[in-house]
**Q** 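Dumping the structure here so I can ask a few things about it.
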Amino acid sequence: MNDTAARLAHEVRRRRTFAIISHPDAGKTTLTEKLLLFSGAIQIAGSVKARKASRHATSDWMEIEKQRGISVASSVMQMEYRDCVINLLDTPGHQDFSEDTYRVLTAVDAALMVIDAANGVEPQTRRLLQVCRARNTPILTFVNKMDREVKAPLDLFDEIESELGMNVVPFTWPVGMGKVFGGVLDLRRDQMRVFSPGEDRVKDADEIIDGIGNPALAERFGMAYEQAASEVQLVREAAPGFDEAEFLAGRQTPMFFGSAINNFGVQEVLDALVELAPPPGPKAALQREVQPTEPKFSGVVFKIQANMDPAHRDRIAFLRVASGHFERGMRLKVARSGKELRPNTVVSFLSQKRELLEEAFAGDIIGIPNHGVLQLGDTLTEGEALQFTGLPFFAPEMFRSVEVADPLRTKQLRAGLTQLGEEGAIQVFRPVAGSTLLLGAVGQLQFEVVAHRLEHEYGCKARILSARYNVARWVTADTGEGAAADERELKRFIDGNSHRVALDAVDAPCVLLEYAGELRAMQENWPKIRFHALREHAGLVFQKQLDG
């Protein structure tokens, strides 16, 4: 192996790329902050609890997030810890933004699931887990808020196993909860980390007591310790030992307990991410499987964000490096369009804070400023015609029409909606017959965010009005007679249904209907037309995985 190949292999082995997922309010953004804090990436954590606080979470950069104290966009952060380069993606927990989260999950090698110890497994957690399981994504579990009165640890253990269908292997176990929360027993290191509340900064050293059977623990923590010790004995007998292969296949999850807001239990999670999460693996393209250590660069755009810097009206394409060595100024080709890029201002992120990037390797997330050249799902290479698969777009479940309050701002409305549609914040449809733009979303909050962003980022106050549609399906043709015949059949369908066909951000035709019954009738009347609830940038592989 020559020096270049050896360095490439070494850099790939150092990468850990993971997403934090959870139901809203489980403490995901707080945990993100504390992981940054413990890695040394930041010195003081922002408060995500107080909406009017002067500090805000590092990972919440959008104005509406600061006002509401929630995350509505995925954030990307890079940090170094124990000679590993960690790419951490904080995703929206709110179900209205699940599409953004699903796309982010295509760009990571592992996931950290945060569970509110008071509420257990919640609906959004189940859905996200289905997506992870479809991709065999390894998952670590952090049970948060142990400093409050919560469910019993054994009940949480059973609930996670039964609800998520995974074997749970406790790596830490809590001693007490709420006012008598004493800390966690570290079952791997045979020690106890003693809890102390209310710290924004990392302490030089937590109090550690060696030996989870140490008599001093019973003397100091009384009944809480005695109960924890008996529970540990029970779960050790009932639970299987940690199996790396089962974990990497997404069938077994290590479980940790703590209190993110108090910086407690975070260290164990950060260490486990470095030790257990896999480095970048091969990525499937339509043409072949791409290995991370291949010398030629390739990557896929999984997210586009407009106006991260409102003063510059910028659009950043977030790209997951799949293979090779990226160097600033290198020539790259967009596989979809054949256009050539030579990006000189590529950036890495600590949320809003950007640093000019000189190089990157497989697993890294890099940001490429562009003005509409790149779309979600685009593959970039050094010339090879590749198309990575698996980036999902879901059929909207809610629709609204949109018009501008001031007719003189129509141009700004269209420009704003075009950019927001390209980044996936909302789905924008242009009717084949008619001029009124339609917005499609998974949930109501998406419309509110779009209206807020149109006003504050594009200077355009929009009226979001009701629309009669409730069902959407992308349409393709399959005549069995070749591409030319398929194209003719699709054109015949669009011409015959022009009053209810619209084009999305990439000009993919979509039929919009009022009732599910209309869809069934249409499927019977047009047997050679295929109706898709999910559009993927290349094919429908992802839907097949989910259905399976």
Side-chain angles (χ1 to χ4, degrees), residues 12-22 28-29 31-32 35-36 39 59 71 73-79 81 84-93 97-114 124-125 127-142 166 247-250 253-254 269-270 272-284 290 292 298-305 317-323 348-351 360-367 376-377 379 388-392 424 536-537 541-542 545-546:
V12 170
R13 282 195 303 272
R14 292 178 64 210
R15 262 59 188 178
R16 301 289 185 274
T17 305
F18 73 97
I20 300 191
I21 60 174
S22 79
K28 173 175 50 62
T29 302
L31 180 59
T32 301
L35 290 169
L36 292 170
S39 72
S59 56
S71 297
S74 302
S75 300
V76 177
M77 288 143 281
Q78 190 179 72
M79 55 194 176
Y81 179 71
C84 281
V85 177
I86 297 174
N87 294 285
L88 184 160
L89 288 82
D90 174 24
T91 62
F97 298 92
S98 52
E99 254 194 289
D100 193 32
T101 302
Y102 298 150
R103 286 195 283 266
V104 164
L105 289 172
T106 68
V108 299
D109 304 306
L112 175 57
M113 176 172 63
V114 184
Q124 182 66 0
T125 314
R127 179 63 179 147
L128 292 170
L129 257 292
Q130 286 177 3
V131 178
C132 288
R133 296 296 294 279
R135 301 180 175 281
N136 299 322
T137 305
I139 297 159
L140 294 93
T141 300
F142 180 72
M166 304 174 74
F247 164 68
L248 293 176
T253 179
V269 172
L270 189 55
L273 281 164
V274 166
E275 294 163 16
L276 303 179
K283 189 158 181 61
V290 177
S298 67
V300 61
V301 176
F302 67 92
K303 174 181 172 62
I304 290 177
Q305 188 72 58
F318 290 76
L319 180 136
R320 154 77 188 233
V321 181
S323 68
S348 62
F349 299 93
L350 182 57
S351 194
F361 298 88
D364 285 341
I365 309 296
I366 64 176
L376 284 168
T379 298
F388 289 115
T389 61
L391 200 73
E536 191 189 302
H537 193 82
V541 177
F542 187 80
Q545 286 179 320
L546 279 181

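Throughout, numbering of the chain's residues begins at 1 and tracks the sequence.
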**Q** Quick check: closest heavy atoms across A360 and V321, and the distance to 0.1 Å?
**A** CB-CG2, 4.3 Å
**Q** Which value, rounded to the nearest 0.5 Å, describes the distance between L140 atom CG and L270 atom CG?
**A**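 Here the interatomic distance stands at 11.0 Å.
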**Q** Is there side-chain contact between S323 and P292, with heavy atoms separated by less than 4.5 Å?
**A**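 Not touching, per the 4.5 Å side-chain cut-off.
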**Q** Of all the heavy-atom pairs spanning G363 and N87, show the shortest one and how long it is.
**A** O-ND2, 3.1 Å
**Q** First locate atom CZ of R13, then atom CZ of R15, and finally report the distance between them rounded to the nearest 0.5 Å.
**A**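 Reported to 0.5 Å precision, the distance equals 12.0 Å.
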**Q** For residues A362 and V12, report the shortest heavy-atom separation together with the two atoms involved.
**A**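 Between these two residues, the closest heavy atoms are CB-CG2, 4.0 Å.
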**Q** Can you tell me how far CZ of F388 sits from OG1 of T106, rounded to the nearest 0.5 angstrom?
**A**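 Interatomic distance, T106 OG1 to F388 CZ, rounded to 0.5 Å: 11.5 Å.
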**Q** Examine distances only and state if a side-chain atom of T253 and a backbone atom of I139 form a donor-acceptor pair shorter than 3.5 Å.
**A**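 Such a contact is found between T253 side chain and I139 backbone.
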**Q** If I take atom CG from residue L89 and atom NZ from residue K303, how far apart are they, to the nearest 0.5 angstrom?
**A** 9.0 Å
**Q** Is there side-chain contact between L248 and N136, with heavy atoms separated by less than 4.5 Å?
**A**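 Answer no - side chains too far apart.
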**Q** For the pair V114 and I21, evaluate side-chain contact (heavy atoms from CB on, under 4.5 Å) and give the outcome as yes or no after the intermediate values.
**A** CA-CA 6 Å; V114 184; I21 60 174; over 6 Å; no
**Q** Just so I know, are the side chains of P254 and L276 near enough to count as touching, which here means a heavy-atom distance under 4.5 Å?
**A** yes
**Q** Enter the distance from L36:CG to I86:CD1 here, rounded to the nearest 0.5 Å.
**A**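 Answer rounded to 0.5 Å: 9.5 Å.
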**Q** Can K283 and T389 be said to form a side-chain contact (heavy atoms from CB on, under 4.5 Å), step by step?
**A** CA-CA 9 Å; K283 189 158 181 61; T389 61; over 6 Å; no
**Q** Could you check if a side-chain atom of T17 sits within less than 4.5 angstrom of a side-chain atom of I365, using non-hydrogen atoms only?
**A**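 T17 vs I365: side chains touch.
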**Q** Using the rule given for side-chain contact (heavy atoms from CB on, under 4.5 Å), can you reason through L319 versus V300, listing the C-alpha separation, both sets of side-chain angles and the distance that settles it, and then say yes or no?
**A** CA-CA 5 Å; L319 180 136; V300 61; 5.8 Å; no
**Q** One pair to check against salt bridge (charged side-chain N to carboxylate O under 4.0 Å, His left out): R320 and D109. What are the steps and the verdict?
**A** CA-CA 11 Å; R320 154 77 188 233; D109 304 306; 3.2 Å; yes
**Q** How many angstroms lie between CZ in F247 and CE in M166, if you round to the nearest 0.5 Å?
**A** 8.5 Å
**Q** Looking at side-chain heavy atoms only, is the closest gap between L112 and L31 below 4.5 Å?
**A**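 A side-chain contact exists here, since the closest heavy-atom pair is under 4.5 Å.
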**Q** Decide yes or no on side-chain contact (heavy atoms from CB on, under 4.5 Å) for F302 and L105, but give the supporting numbers first.
**A** CA-CA 9 Å; F302 67 92; L105 289 172; over 6 Å; no
**Q** Under 3.5 Å, is there a donor-acceptor pair between the side chain of R16 and the main chain of A277?
**A** yes
**Q** In the structure I gave you, are the side-chain heavy atoms of L88 and F18 within less than 4.5 Å of one another anywhere?
**A** yes
